[in-house]
Trainee: 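Take a look at this one; I'll ask things after.
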Amino acid sequence: MNLFRILQARASAGMPVRVALIGAGKFGSMFLAQVPHTPGLEVPIIVDIDRDRAREACRTVGWSAERIAATVFTDDGARAIAGGAMDVVVEATGNPAVGIRHARAAIAAGKHVVMVNVEADVLAGPLLAEEARKAGVVYSLAYGDQPALTAEMVDWARATGFRVIAAGKGTKYLPAYHDVTPDGVWQHYGLTAGEAQSAGMNPQMFNSFLDGTKSAIEMAAIANACGLDVPTEGLLFPPCGVDDLPHIMRPRSRGGVLERPGVVEVVSSLERDGRPVFRDLRWGVYVVLEAPNDYAADCFKQYGLKTDASGRFAAMYKPYHLIGLELNISVLSAALRGEPTGQPFGFRGDVASVAKRDLRAGEMLDGEGGYTVWGKLVPAAASLKAGALPIGLAHRLKLKHDVPHGEIVRWSDVEFDANDETVKTRKAMEAAFTKQG
């Protein structure tokens, strides 16, 4: 509640919060749109593999020619991190390997990290966060994205004395979406390929939103940050509107769909026959909570909360998330308070690669949202036991064995370089947090 006041004081003292943005895509552009309107916040350096595209992004979001001229544009993230007098590094590339490398460079340089790159966070975030804590800097999930918003609601519920039964987000989902490839993605968004191309929309990225991969990644991030469990058989994606959250998102033993209390879950905005859910939560986040006593349950009723029939389960939700337009909250929380807006403290959820069709030995995997695999949320312990290949590493790896449609791809099924830095980081994270568990 005091971030803006503290920022004003910093600005008045001539000590603006300085940010290095890495990745000027959609999320980064939305963040940049707010910078000129936030006195005391500066982005003097922007890193992108396409510097001209980054400059054009700044023009598109309304930056003045003077502001653009005063900004350094580079494609060298490591040099920018090491050389700049920055408070915060925002990693928004979406590439897991690159994100891990940038996060470690920022931590080594004594800079806070806001990890927009949730793919990197799920691959190795628990280890990165531990390294940041030891170095005395903040590693944070990105406010505006659904994991950080959900983590905030979970923290609110627990800090006010409620038991968290379920937490997560909404999305558009049907079971058939798991097998959709970039060739067929736009029909599910009501677009033609030409319309999507003219809007600069990446079919593989948008397909990762549709085929369940992004939902799995985000729920793993929430589980790891909030100490929540992961459904044993993966996400259920039950159709559910906001009014029905307390009824549907409660344990099976109490008439709901959850195998137990304290789990992450995604609710669908579509009924299984494709009809829209009434008052859906497609763009939002939620937490279902349980009253600890009869008095609190009576208060639910007295103050108009929607509850289940017992009156003990209620829900709070946020109907929308504004992506990069809200990222300032993470940046300022890290720089001004030394606090993350969500941070992994354990390894509870993982995202395994699952074959979208019958895959043959010799084929190359193409990662999130591609033609070969989608990402399934699984308990971390089960992932390690199965030797599952994390979706964040399922890029440009050649299959050694056939993998049937619907089966998990395992480390033993692919050729990989054990000396690759990203692979080594992932293995180190698994070893460290398996011992803790």
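A quick note: this is a predicted structure, and the numbers were derived from the prediction, not measured. All residue numbers in this chain count up from 1 along the given sequence. Note: hydrogens, waters and symmetry copies are ignored here, and every other heavy atom, side chains too, is used.
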Trainee: Is there a side-chain hydrogen bond (donor to acceptor under 3.5 Å, both in side chains) between H401 and D413 once you walk through the steps?
Mentor: CA-CA 5 Å; H401 308 126; D413 292 320; 3.2 Å; yes
Trainee: What I'd like to find out is whether the side chain of E42 reaches to under 4.5 Å of the side chain of V17, using heavy atoms alone.
Mentor: no
Trainee: Using a 3.5 Å cut-off and no angle test, enumerate the donor-acceptor pairs between side-chain atoms of residues 106-115 and protein atoms at least two apart in sequence or in another chain.
Mentor:
residue: K111; atom: NZ; partner: I81; partner atom: O; Å: 3.0
residue: K111; atom: NZ; partner: G84; partner atom: O; Å: 3.3
residue: H112; atom: ND1; partner: V138; partner atom: N; Å: 2.9
residue: H112; atom: NE2; partner: A334; partner atom: O; Å: 3.4

Trainee: Is the closest side-chain donor-acceptor distance between T74 and D76 under 3.5 Å?
Mentor: no
Trainee: Does the pair R55/D52 count as a salt bridge with the N-to-O cut at 4.0 Å?
Mentor: yes
Trainee: First locate atom OG1 of T160, then atom CE of M316, and finally report the distance between them rounded to the nearest 0.5 Å.
Mentor: 8.5 Å
Trainee: When rounded to the nearest 0.5 angstrom, what is the spacing between CG in L289 and CE in M249?
Mentor: 13.0 Å
Trainee: Please tell me if the side chains of N328 and F31 come closer than 4.5 Å, counting only heavy atoms from C-beta onward.
Mentor: yes
Trainee: Is any side-chain heavy atom of D244 less than 4.5 Å from a side-chain heavy atom of C240?
Mentor: yes
Trainee: Would you indicate whether R79, at its atom CZ, is surrounded by more than 12 heavy atoms from other residues, nucleotides or ligands within a distance under 6.0 Å?
Mentor: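 Open.
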Trainee: Quick check: closest heavy atoms across N207 and V180, and the distance to 0.1 Å?
Mentor: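 That would be ND2-O, 2.9 Å.
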Trainee: Have H321 and Y143 got a donor and an acceptor in their side chains that come within less than 3.5 Å?
Mentor: no
Trainee: Which atoms form the tightest heavy-atom contact between R360 and E363, and what is the distance?
Mentor: N-OE2, 2.7 Å
Trainee: Could you check whether atom NZ of K26 has more than 12 heavy atoms from other residues, nucleotides or ligands sitting under 6.0 Å from it?
Mentor: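 No.
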Trainee: Measuring from L32:CG to R59:CZ, what's the distance to the nearest 0.5 Å?
Mentor: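 Spacing of CG (L32) from CZ (R59) equals 13.0 Å.
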Trainee: Counting heavy atoms not belonging to Q197, are there more than 12 under 6.0 Å from its CD?
Mentor: no
Trainee: Can T425 and R104 be said to form a side-chain hydrogen bond (donor to acceptor under 3.5 Å, both in side chains), step by step?
Mentor: CA-CA 10 Å; T425 299; R104 280 189 147 161; 2.7 Å; yes
Trainee: Does the distance from a Lys or Arg side-chain N to an Asp or Glu carboxylate O, for R275 and D273, drop under 4.0 Å?
Mentor: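 Yes, this pair counts.
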Trainee: Verify side-chain contact (heavy atoms from CB on, under 4.5 Å) between F27 and L327, making sure each step is shown before the conclusion.
Mentor: CA-CA 9 Å; F27 201 115; L327 186 63; 3.9 Å; yes
Trainee: Is the closest side-chain heavy-atom distance between V373 and I391 below 4.5 Å?
Mentor: yes
Trainee: Let me confirm one number: the CD1-CG distance from I22 to N117, rounded to the nearest 0.5 Å.
Mentor: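 Here the interatomic distance stands at 10.0 Å.
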Trainee: If every non-hydrogen atom of V230 is compared with every non-hydrogen atom of R348, which pair is closest and at what distance?
Mentor: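 Where V230 meets R348 most closely, the heavy atoms are CG2-O, 3.8 Å.
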Trainee: Any chance CZ of F416 has more than 12 other-residue heavy atoms, nucleotides or ligands included, within less than 6.0 Å?
Mentor: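 Atom CZ in F416 is packed in, count exceeds 12.
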Trainee: Taking all non-hydrogen atoms of both residues into account, name the closest pair between L258 and A166 and its distance.
Mentor: CD1-CB, 3.6 Å
Trainee: Ring centres under 6.0 Å, that's the criterion: do Y173 and H188 meet it?
Mentor: no
Trainee: Are W186 and F206 close enough, and set up right, to give a ring-ring contact (aromatic ring centres under 6.0 Å, His included), and what steps lead you there?
Mentor: CA-CA 9 Å; W186 298 128; F206 276 82; 5.5 Å; yes
Trainee: To the nearest 0.5 Å, what is the distance between CZ on F433 and CG on L127?
Mentor: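 Rounded to the nearest 0.5 Å, the CZ-CG separation comes to 6.0 Å.
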Trainee: Salt bridge check, R426 against D420: does any charged N sit closer than 4.0 Å to a carboxylate O?
Mentor: no
Trainee: Just checking, is any N or O donor in the side chain of T93 or N95 under 3.5 Å from an acceptor N or O on the other one?
Mentor: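 No donor-acceptor contact under 3.5 Å links the two side chains.
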Trainee: Should the pair E131-K134 be classified as a salt bridge under the 4.0 Å nitrogen-to-oxygen rule?
Mentor: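 Result for this pair is no, no salt bridge flagged.
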Trainee: Would you say F313 and L245 make side-chain contact, with heavy atoms under 4.5 Å?
Mentor: no
Trainee: Could you go step by step and tell me if E152 and T341 meet the side-chain hydrogen bond (donor to acceptor under 3.5 Å, both in side chains) rule?
Mentor: CA-CA 7 Å; E152 178 185 50; T341 51; over 6 Å; no
Trainee: Counting heavy atoms not belonging to K400, are there more than 12 under 6.0 Å from its NZ?
Mentor: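 Above 12, so yes.
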Trainee: Evaluate the side-chain contact (heavy atoms from CB on, under 4.5 Å) criterion for residues L281 and S269: first the C-alpha distance (whole Å), next the side-chain angles of each, then the deciding distance (0.1 Å), finally the verdict.
Mentor: CA-CA 6 Å; L281 193 65; S269 64; over 6 Å; no
Trainee: Nearest 0.5 Å please: distance from the CD1 atom of I222 over to the CG atom of L228.
Mentor: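 Spacing of CD1 (I222) from CG (L228) equals 8.5 Å.
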Trainee: For Y317 and Y286, I'd like to know if the aromatic rings sit close, meaning centre-to-centre distance below 6.0 Å.
Mentor: no
Trainee: Do you know the tightest heavy-atom contact between S140 and S330?
Mentor: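 Taking S140 first and S330 second, the nearest heavy atoms are OG-OG, 4.1 Å.
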Trainee: Mind running side-chain hydrogen bond (donor to acceptor under 3.5 Å, both in side chains) on D350 and S383 for me, showing each step along the way?
Mentor: CA-CA 7 Å; D350 198 14; S383 175; 2.6 Å; yes
Trainee: Locate the shortest heavy-atom distance separating I49 from D75; write the atom from each residue and the value.
Mentor: CA-CB, 4.1 Å
Trainee: Quick check with a 6.0 Å cut-off and a 45 degree axis cone: is K427 positioned over the face of W411's six-membered ring?
Mentor: yes
Trainee: Can you find a heavy atom in the side chain of L365 that is under 4.5 Å from one in the side chain of H395?
Mentor: no
Trainee: Any salt bridge (charged side-chain N to carboxylate O under 4.0 Å, His left out) pairs touching residues 173-195, not counting sequence neighbours?
Mentor: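 For residues 173-195, and leaving out neighbouring residues, there are no salt bridge (charged side-chain N to carboxylate O under 4.0 Å, His left out) pairs at all.
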Trainee: One thing to verify: whether K169 and E218 come together as a salt bridge, which I'm taking to mean a side-chain N less than 4.0 angstrom from a carboxylate O.
Mentor: yes
Trainee: Flag the pair M30 / L325 as yes when at least one side-chain heavy-atom distance between them is below 4.5 Å, and no otherwise.
Mentor: yes
Trainee: I'd like to check P96 versus E119 (side-chain heavy atoms, cut-off strictly below 4.5 Å). Are they in contact?
Mentor: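 Touching, per the 4.5 Å side-chain cut-off.
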Trainee: Salt bridge or not for D366 and R396, using N-O below 4.0 Å?
Mentor: no
Trainee: Name the orientation class of the two ring planes belonging to F162 and W156 (parallel below 30°, tilted from 30 to 60°, perpendicular beyond 60°).
Mentor: tilted
Trainee: Inspect the contact between E290 and R250 and indicate whether a charged nitrogen and a carboxylate oxygen are less than 4.0 angstrom apart.
Mentor: no
